[in-house]
Amino acid sequence: MDMSYLLSLGILGHRSLLWYAGQGTRAAAIHPIHPHMEQGDNRKTSADSVVPIQQSQLKEWEDLQMNLRSQLQEHDDVGWAIDGLSKIGGLDIGFEDGTNRATAVLVVCEFQGRQLKLVYEDSVDVDMALPYTSGFLFVREIPAYEMLLQRLRGSAPHLEPDAYLVDGSGLFHPRQCGSASHLGIVHNLRTIGVAKKLLCFEDFDSEQGQRVEEQVLPNLGDSVPLVGRSGFTYGFAVRTSAARAKGPQDSMRRLYVSVGHRFSHTTARNVVLKCCNMDGGSYIPEPIRLADLTGRAIERAWKQIHTTSRPKTRQVIMDVSNLLDDKQRKTLLGILDEVGAESCALLSSISPESIKRKQATKDELFLPFQEMHPDVTVLELRAALRMEKPWAVDLRKASLCHQQAGRAMRGL
DNA sequence: GCGACAG
DNA sequence: ATCTTGTCGC
């Protein structure tokens, strides 16, 4: 896939809005733009330096969505069934407090019988130049997802999943092309949209929504179709957690599942349920839950040092999360303690000779990392290394020198 | 008056 | 995305 598409969407600190200038502009009529979005209705964003989105820009994005919609495959691939689902990806973005910065995460889980096991994780730093706009989530999220996809293919192509769960919706969208569909169609992936909130728009308005919300779904696996005024089925509301009559709202929570691409409604729902079947667990399907947890862990670590660190230092945390497993983080932390490094000292100031460890530990862990981040402060590195990811303790990462000094996973 | 919209 | 409260469980 070409990088220009990715760059043009505004990732990597860019905010160029002029893209897809020549994309097909067909006079389709699924849904026109919402009348109340006419002018600057972007005030709800919490970001500080956000560029307002022009009306003409929204029109272009709508045209793009309608164009992609015509290529959406809302049935399973012929010859493919849910039994063929071995690895499944999860995509999610976690946000920093009130800034434009965020962390996008891709995890891959593999079925081991009924259980899902984490086999891959990767995160990228995102500078959200554009404000959140309902109906146009793809603008903010897809560039980061594409970066993650590209890195997965570069560093672990054998772990590419059979399908992806995307935090957001797919067909369940005013132009029937939410971010899950968008990603799936552009990259020919099997995708499913998983939303935690009901989306309302012209054909599926609050009245239809209320009808769905009224439905009680007493048992795990129960579902009710999301049918618009037109009769079109957008997806399903699904009860994905076990029955427990405690919190009036908590365990009753449901997911709004819709086809992203290359799935039928039924299979999409079944795949999500298959990823939720953990006994007594969360109502969030495992791949998305793990991606979410990872993003939160990274933001948590950053929060401890962000007041005194340059934004560039976020990359240290990303690298620690992406490149080091639990064991390696503990080892590095032990080394920092052992040499009694001052908090304000730079990593480059630690001489390898002062470290009493196996040579292999120095060669394959300390030295490569030191070379990667010579000017990180001991204080900052400690904060990154102390990151707790209990859900990933069993996930092993290759040694740094086998990862081309991290290049493959950093997309450099 | 206040509704109302994936993340 | 985020704030909240109450709740259950360890």
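Chain A is the first sequence line, chain B the second, and so forth, proteins listed ahead of strands; every chain is numbered from 1.
- A:L137 has its CG atom 10 Å from the C1' atom of C:dA1, to the nearest Å.
- The interatomic distance linking A:L226 (CG) with B:dA6 (C1') rounds to 12 Å, in whole Å.
- Between the CD atom of A:E213 and the P atom of B:dA6 there is a distance of 12 Å, given to the nearest Å.
- The aromatic ring of A:Y132 does not sit over the base of C:dA1, since the test of centres under 5.5 Å and planes under 30° is not met.
- Ring planes of A:F138 and A:H182: parallel class, angle under 30° (limits at 30 and 60°).
- Here A:S206 lies out of heavy-atom contact (under 4.0 Å) with every strand.
- Using a 4.0 Å cut-off between charged side-chain N and carboxylate O, A:D325 and A:R329 make no salt bridge.
- Taking every side-chain heavy atom of A:R140 into account, B:dG7 is the closest of B:dG7, B:dA6, C:dT2.
- A salt bridge does not link A:R239 with A:D222: every distance from a Lys NZ or Arg NE/NH1/NH2 to an Asp or Glu carboxylate oxygen is 4.0 Å or more.
- Between the CZ atom of A:F95 and the P atom of C:dC3 there is a distance of 14 Å, rounded to whole Å.
- Between A:Y145 atom OH and B:dA6 atom P the separation is 14 Å, expressed in whole Å.
- Using a 4.0 Å cut-off between charged nitrogen and carboxylate oxygen, A:R229 and A:E202 do not count as a salt-bridge pair.
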(request) Using a 3.5 Å limit on both pairing distances, list the dot-bracket string of DNA chain C from the 5' end; Watson-Crick and G-U wobble pairs count, crossing pairs take [ ], interstrand pairs take |. (result) ..........

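- The distance between atom CZ of A:R296 and atom C1' of C:dT2, rounded to the nearest whole Å, is 10 Å.
- The aromatic rings of A:H306 and A:W302 are tilted relative to each other, their planes meeting at an angle between 30° and 60°.
- You'll find the side chain of A:N67 reaches within 4.5 Å of the side chain of A:Q71, heavy atoms only.
- A:R175 has a carboxylate O that lies under 4.0 Å from a charged side-chain N of A:E62, or vice versa, which qualifies the two as a salt bridge.
- The distance from atom CD1 of A:I288 to atom P of C:dA1 is 10 Å, rounded to the nearest whole Å.
- Taking atom CD on A:E141 and atom C1' on B:dA6, their separation rounds to 8 Å, with Å as the unit.
- At a cut-off of 3.5 angstrom, the base of C:dT2 holds no donor-acceptor pair with the side chain of A:K196.
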